[in-house]
Amino acid sequence: MPELPEVQTVVNTLSPRLLGRTICGVDHARREVVRPCDFNLAGALRGRVVTGLTRRGKRIVFALDDGNRFYIHLGMSGRLTVERDDAPVQPHTHLIVTLGPQQLRFVDPRRFGGVFWMGKDSDGADMGPEPLGLRVHQLAERLSKTTRAIKNALLDQTLVAGLGNIYVDESLFAAGIHPLAPADKLSLEDVRRLNRAIKVTLRRAIRHRGSTLRDYVDADGEAGGFQLLHRVYGRESQPCRACQTPIQRIVLGGRSTHFCPKCQKEKKRGLLRFACRG
DNA sequence: GTCGATGTTATCAA
DNA sequence: TTTGATAACATCGA
């Protein structure tokens with residue numbers, strides 16, 4: 001579930017509850033949730049103060065007072081909540097960080113997520129740029145280098161960091177671009193609309209505290225509200241909100257892909273490469 | 001009971 | 001090199 005807007009919402013709701021707090025205890029039931037898997041997380045965290053909490057792509061990055069950092073990735077079904085230490089522990093709770101009477105709890109039934117130790121210097125150099133700060137020429141340049149369908153390209157975290165299945169579909173709809181359009185065949189005008197569409201879509205989703213399909217909640221346990229405003233995702237065969245044409249679903253790269261066949265026509269496009277001095 | 005689908009991504013083979 | 005398929009896992013609904 002968790003893509004950029006959900007992860008940002010978790011960070012926003014987590015911050016006031018964690019910043020400046022001292023970690024007094026760490027329990028992890030499964031050592032596989034921590035990477036590297038032989039790392040002594042409890043030893044590294046006990047006694048430390050949480051000095052920073054930020055988002056990078058879909059990662060939640062924790063900064064500590066000794067200069068070390070680690071990040072948590074929620075995978076498909078991860079939840080990160082702050083609860084009283086006497087609250088019942090849910091099934092599939094893999095990590096509990098105790099900060100006084102409150103505990104940070106990581107629950108992840110499908111176990112696609114994890115806790116990743118970064119140390120003092122590692123940064124997300126393996127990830128693409130943040131979509132909310134992305135410039136048109138930057139996006140065009142990156143898209144011009146791949147022939148893949150635009151849907152698959154945008155899901156690639158090394159191309160742009162933070163988009164997932166829902167927000168790629170929603171952004172492509174908002175930009176009027178067919179998900180199968182080859183990335184390097186978009187016109188510069190297409191990319192301009194796409195860049196705007198991505199930002200508008202993500203900002204609206206953050207304002208509505210993300211989309212809850214099944215598992216997602218923020219740090220306070222609250223569900224998001226943006227799923228009610230989806231224009232294409234999960235709306236197969238329902239009328240397009242713009243033109244009433246039934247929304248289509250196809251499978252692309254193993255992922256469900258939703259679009260309006262009328263608003264997102266497959267058409268002849270330019271060669272982005274020529275527009276990018278490359 | 002079985003099958004297929006679910007928001008992610010590391011890994012493997014073509 | 002690039003990219004498409006697959007696997008990792010648990011749960012839910014048809």
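Hydrogens, waters and symmetry mates are skipped; everything else that's a heavy atom, side chains included, is used. As the structure is a computational prediction, the values presented were derived from the model and not from experiment. Below, chain A is the first sequence line, B the second, and so on; all start at residue 1.
In this model, the phosphate group of dT3(C) is approached by a side-chain N or O of T146(A) to a distance below 4.0 Å at OP1 or OP2. Distances shorter than 4.0 Å separate none of the side-chain N or O atoms of K145(A) from OP1 or OP2 on dT1(C). In this model, the phosphate group of dA10(C) is approached by a side-chain N or O of R111(A) to a distance below 4.0 Å at OP1 or OP2. Regarding contacts with the backbone of dT11(C), a side-chain N or O of H92(A) is found under 4.0 angstrom from either OP1 or OP2. Between S256(A) and dT6(B) there is a side-chain polar atom (N or O) within less than 4.0 angstrom of OP1 or OP2. In this structure, Q157(A) reaches the dT9(B) phosphate: one of its side-chain N or O atoms is under 4.0 Å from OP1 or OP2. Residue R110(A) places none of its side-chain N or O atoms closer than 4.0 Å to OP1 or OP2 of dT11(C). Phosphate contact (OP1/OP2 of dT6(B), side-chain N/O of R249(A), threshold under 4.0 Å): present. Remark: H73(A) is in phosphate contact with dT9(B), judged by side-chain N or O atoms under 4.0 Å from OP1 or OP2.
Comparing dC12(C), dT8(B), dG4(C) against the side chain of N165(A) picks out dT8(B) as the nearest. Side chain of F112(A), nearest nucleotide from dC12(C), dT6(B), dC9(C): dC9(C).
Summarising the geometry, the separation between CD on E3(A) and C1' on dT6(B) is reported as 12 Å, rounded to the nearest angstrom. Rounded to an integer number of Å, the gap from L155(A) CG to dT6(B) P is 13 Å. One can place CG of L154(A) at 14 Å from P of dT9(B), the figure rounded to the nearest angstrom. We find that CG of D108(A) is positioned 12 Å from P of dC9(C), with the value rounded to whole Å. Atom P of nucleotide dT1(C) and atom CZ of R148(A) are separated by 16 Å, given to the nearest angstrom. Rounded to whole angstrom, the span from the OH atom of Y233(A) across to the C1' atom of dT8(B) amounts to 12 Å. One interatomic measurement links the two molecules: OH of Y71(A) to C1' of dT8(B), which rounds to 12 Å at whole-angstrom precision. Summarising the geometry, the separation between CG on L74(A) and C1' on dT6(B) is reported as 16 Å, rounded to the nearest angstrom.
Among the protein residues, G254(A) comes within range of no part of the nucleic acid, since none of its heavy atoms lies under 4.0 Å from any strand. No engagement by R59(A) is indicated, since no non-hydrogen atom pair under 4.0 Å with the nucleic acid exists.
Remark: the separation of the P atoms in dT1(C) and dT9(B) is 24 Å, to the nearest Å. Atom P of dC12(B) sits at a distance of 15 Å from the matching atom of dC9(C), rounded to the whole Å.
Counted by atom type alone, E6(A) and Y167(A) present one or more donor-acceptor pairs between their side chains at under 3.5 Å. For the residue pair R249(A) / S256(A), a side-chain donor-acceptor distance below 3.5 Å is found, with atom types taken as modelled. A donor and an acceptor atom, one from each side chain of T81(A) and E83(A), are located under 3.5 Å apart. For T98(A) and Q103(A), the side-chain atoms include at least one donor-acceptor pair closer than 3.5 Å.
Aromatic ring orientation, H94(A) versus F106(A): perpendicular (interplanar angle above 60°, classes split at 30° and 60°).
A salt bridge links R55(A) to E130(A): at least one charged side-chain nitrogen sits closer than 4.0 Å to a carboxylate oxygen.
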Dot-bracket line, read 5' to 3' along DNA chain C, where crossing pairs take [ ] and | marks a partner on another strand, Watson-Crick or G-U under 3.5 Å: .|||||||.|||||
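Note on residues 10-40 of chain A: pairs passing ring pair (Phe, Tyr, Trp, His ring centres under 6.0 Å), not counting sequence neighbours, are F39(A)-W117(A).
Between H178(A) and F259(A), the distance from one ring center to the other falls under 6.0 angstrom.
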